[in-house]
Q: 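Dumping the structure here so I can ask a few things about it.
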Amino acid sequence: MTIPTSIPSPDISSIQVGPFQIHFYALFILTGIVVAVILTSRRLTRRGGEPGIVLDITLWAVPFGIIGGRLYHVVTHPTDYFFPGADLWKTLYVWEGGLAIFGAILFGGLGAYVACRRAGVRFLSFGDALAPGMLLAQSFGRLGNYFNQELFGTPTTLPWGLQITPSQPAFPTGLPADTLFHPLFLYEILWNLAGVIIVLLAERQYNLRWGKTLGLYLIIYGVGRTWFESFRLDPTEFELLGIKINMITATAVAVVGLILIIVQSRRHTEPEPSPYLPGRQWTSLHQPITELPPTAASTDADDVPTGDATGQK
């Protein structure tokens with residue numbers, strides 16, 4: 001039995017179905033979204049959310065996330081899209097790869113926030129329910145990067161080094177064609193899956209409602225991406241003070257997560273009564289309507305009901 005000494009890259013990144021070209025990258029992104037929606041819906045429903053409400057929020061979050069992810073990627077990789085004779089329509093070719101997760105998180109979060117306010121759901125409660133599903137979705141997305149041969153690190157001689165086709169645009173100039181690279185797509189998949197386990201185990205031991213699970217997700221992903229970006233090969237990366245912009249952004253994400261946990265731990269020591277804003281609670285037709293305990297009142301900006309003091313809109 002021969003032990004493999006490298007990870008081969010796929011020879012194809014799409015298939016032709018009649019007049020349509022189906023890109024694996026798009027399929028993995030869509031699969032990740034479906035998995036995240038299913039898991040998030042189950043988690044939020046168990047916490048008192050209306051079945052199907054997550055799908056309504058997703059219809060806002062996903063388009064915002066795709067726009068934000070693509071915008072961030074194009075802005076931080078200008079030489080890939082803006083040069084003499086460039087086809088500017090390619091800035092819209094999401095299926096060819098190039099969705100930056102940080103832009104997707106920022107814009108997708110904005111879309112989710114708008115949808116949550118419309119539905120009367122606490123945004124941070126939705127984020128808590130989403131956290132493990134988001135990590136799973138990102139894992140599927142990294143498989144798409146593998147098929148596009150677009151996410152790898154510095155050269156390595158390790159037995160799991162990744163083969164990259166020399167004709168690929170991201171292949172560094174001046175290196176031998178048989179150079180192997182760190183498989184960052186695989187590292188991040190394993191990191192994200194470990195993050196899912198950490199989140200689920202932590203929720204069993206601690207009260208991580210009120211946005212604390214979301215904070216833990218931001219810490220896990222931010223720390224991992226800071227490390228991965230330190231040895232990622234990306235020749236068109238923006239830098240600020242000599243530091244890759246993605247490293248700065250990833251570190252900021254982790255810091256925001258830590259601050260979120262600290263602030264919410266001090267502001268909320270009681271159990272979260274409902275994922276809904278006061279006065280906007282959903283009640284099943286099969287359950288009697290009950291009054292929430294006084295602790296449900298909160299000074300959070302996220303908890304202020306829309307309408308007058310009676311809760312009427």
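From a predicted model like this one, the values you see are computed outputs, not experimental measurements.
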Q: Heavy-atom distance under 4.5 Å between the side chains of Y146 and I189, does that happen here?
A: no
Q: Go through the structure and list residues passing ring-ring contact (aromatic ring centres under 6.0 Å, His included) with F181, not counting sequence neighbours.
A: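 F181 satisfies ring-ring contact (aromatic ring centres under 6.0 Å, His included) with F152, F171 once adjacent residues are dropped.
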Q: With rounding to the nearest 0.5 Å, note down the distance linking CD in E229 to CD1 in I245.
A: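 With rounding to 0.5 Å, CD (E229) is 10.5 Å from CD1 (I245).
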Q: Measuring from atom CD1 of I105 to atom CG of L110, what distance do you get when rounded to the nearest 0.5 angstrom?
A: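 Reported value, rounded in 0.5 Å steps: 13.5 Å.
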Q: Given 3.5 Å as the limit, does a donor-acceptor pair link the side chain of W191 with the main chain of R225, or not?
A: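 Such a contact is absent between W191 side chain and R225 backbone.
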Q: Could you grab the distance from atom OH of Y72 to atom CG of N246, nearest 0.5 Å is fine?
A: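 CG of N246 is found 4.0 Å from OH of Y72.
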Q: Please find the pair of heavy atoms, one from G153 and one from L184, that lie closest to each other, and give the distance.
A: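 That closest heavy-atom pairing would be N-CG, 3.6 Å.
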Q: A side-chain contact here means heavy atoms from C-beta on lying under 4.5 Å apart; do T213 and R43 qualify?
A: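 Answer yes - side chains close enough.
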Q: Got a sec, which residues hit side chain to side chain contact (heavy atoms under 4.5 Å, CB included) with L258, two or more places apart in sequence or on another chain?
A: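 I219, I262.
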Q: In terms of hydrophobic clusters joined by side-chain contacts under 4.5 Å, are V196 and L201 together?
A: no
Q: Hey, does the side chain of S6 reach the backbone of G161 with a donor-acceptor pair shorter than 3.5 angstrom?
A: no
Q: What is the minimum heavy-atom distance between F126 and A112, and which atoms define it?
A: CE2-CB, 3.9 Å
Q: Can you get from L162 to F231 by hopping between Ile, Leu, Val, Met, Phe, Trp and Tyr side chains that sit under 4.5 Å apart?
A: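 Per the 4.5 Å side-chain linkage, L162 and F231 are co-clustered.
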Q: Could you go through the side-chain contact (heavy atoms from CB on, under 4.5 Å) check for W160 and L186 one step at a time?
A: CA-CA 10 Å; W160 55 82; L186 179 60; 5.5 Å; no
Q: Does I7 reach the side chain of Q163, with side-chain heavy atoms less than 4.5 Å apart?
A: no
Q: Would you name the heavy atoms of A202 and L216 that are closest together and state the gap between them?
A: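 Taking A202 first and L216 second, the nearest heavy atoms are CB-CD2, 3.9 Å.
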Q: Got a donor-acceptor contact below 3.5 angstrom from the R122 side chain to the Y276 backbone?
A: yes
Q: Quick one: pull up OG in S14 and CZ in F24 and give me the separation to the nearest 0.5 Å.
A: 6.5 Å
Q: When you compare the side chain of L233 with that of P155, does any pair of heavy atoms fall below 4.5 Å?
A: yes
Q: Can you name the nearest heavy-atom pair linking A177 to P166, along with the distance?
A: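 Closest approach of A177 to P166: CB-CG, 3.5 Å.
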Q: Tell me whether R47 at atom CZ has more than 12 heavy atoms from other residues, nucleotides or ligands lying less than 6.0 Å away.
A: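 Atom CZ in R47 is packed in, count exceeds 12.
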Q: Scan residues 209-224 for pairs that pass salt bridge (charged side-chain N to carboxylate O under 4.0 Å, His left out), counting only residues two or more places apart or in two chains.
A: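 As it turns out, the salt bridge (charged side-chain N to carboxylate O under 4.0 Å, His left out) pairs with a partner in residues 209-224, which skip direct neighbours, are R209-E272.
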Q: Just verifying a value: how many Å separate L175 CG and I164 CD1, rounded to the nearest 0.5 Å?
A: 12.0 Å
Q: Test of understanding: with side chain to side chain donor-acceptor pair (under 3.5 Å), list the residues that count as partners of T179, not counting sequence neighbours.
A: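 T179: no side chain to side chain donor-acceptor pair (under 3.5 Å) contacts found.
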Q: Does T165 have any side chain to side chain donor-acceptor pair (under 3.5 Å) partners at least two apart in sequence or in another chain, and if so, which?
A: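 For T165, the residues satisfying side chain to side chain donor-acceptor pair (under 3.5 Å) (neighbours in sequence not counted) are Q149.
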Q: Looking at R46 and E203, is there a salt bridge between them, counting it only when a charged N and a carboxylate O are closer than 4.0 Å?
A: no
Q: Ignoring hydrogens and geometry, is there a side-chain-to-backbone donor-acceptor pair from R142 to F185 under 3.5 Å?
A: no
Q: Once you measure the plane-to-plane angle for H182 and Y187, does it fall in the parallel (<30°), tilted (30-60°) or perpendicular (>60°) bin?
A: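 Answer is tilted, since the angle falls between 30° and 60°.
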Q: Hey, do the aromatic rings of F147 and F28 have their centres closer than 6.0 Å?
A: yes
Q: Quick check: does any side chain N or O of S13 sit under 3.5 Å from a backbone N or O of N148, one acting as donor and the other as acceptor?
A: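 Judged by distance alone, no pair lies under 3.5 Å.
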Q: Please check if V121 and L59 belong to a single hydrophobic cluster, counting links between Ile, Leu, Val, Met, Phe, Trp and Tyr side chain heavy atoms closer than 4.5 Å.
A: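 No.
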Q: Show the nearest heavy-atom pair for residues G52 and S41, with the distance to one decimal.
A: N-OG, 4.4 Å
Q: Distance from T251 atom OG1 to W227 atom CH2, nearest 0.5 Å?
A: 14.5 Å
Q: Dump the intermediate steps for side-chain contact (heavy atoms from CB on, under 4.5 Å) on F140 and I29, then the final yes or no.
A: CA-CA 6 Å; F140 279 100; I29 292 292; over 6 Å; no
Q: Tabulate below the donor-acceptor pairs under 3.5 Å that side-chain atoms of residues 131-139 make, not counting sequence neighbours, or state none.
A:
unit_1: Q138; atom_1: OE1; unit_2: Y217; atom_2: OH; d: 3.4
unit_1: Q138; atom_1: NE2; unit_2: Y217; atom_2: OH; d: 3.1
unit_1: S139; atom_1: OG; unit_2: L135; atom_2: O; d: 3.0

Q: Taking all non-hydrogen atoms of both residues into account, name the closest pair between I57 and C116 and its distance.
A: CD1-SG, 3.7 Å
Q: Give the cluster check for L193 versus V199: same hydrophobic cluster or not, with ILVMFWY residues linked at side-chain heavy-atom distances below 4.5 Å.
A: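 Yes, L193 and V199 fall within the same hydrophobic cluster.
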Q: Are L200 and L39 linked, directly or through other ILVMFWY residues, by side chains that come within less than 4.5 angstrom of each other?
A: yes
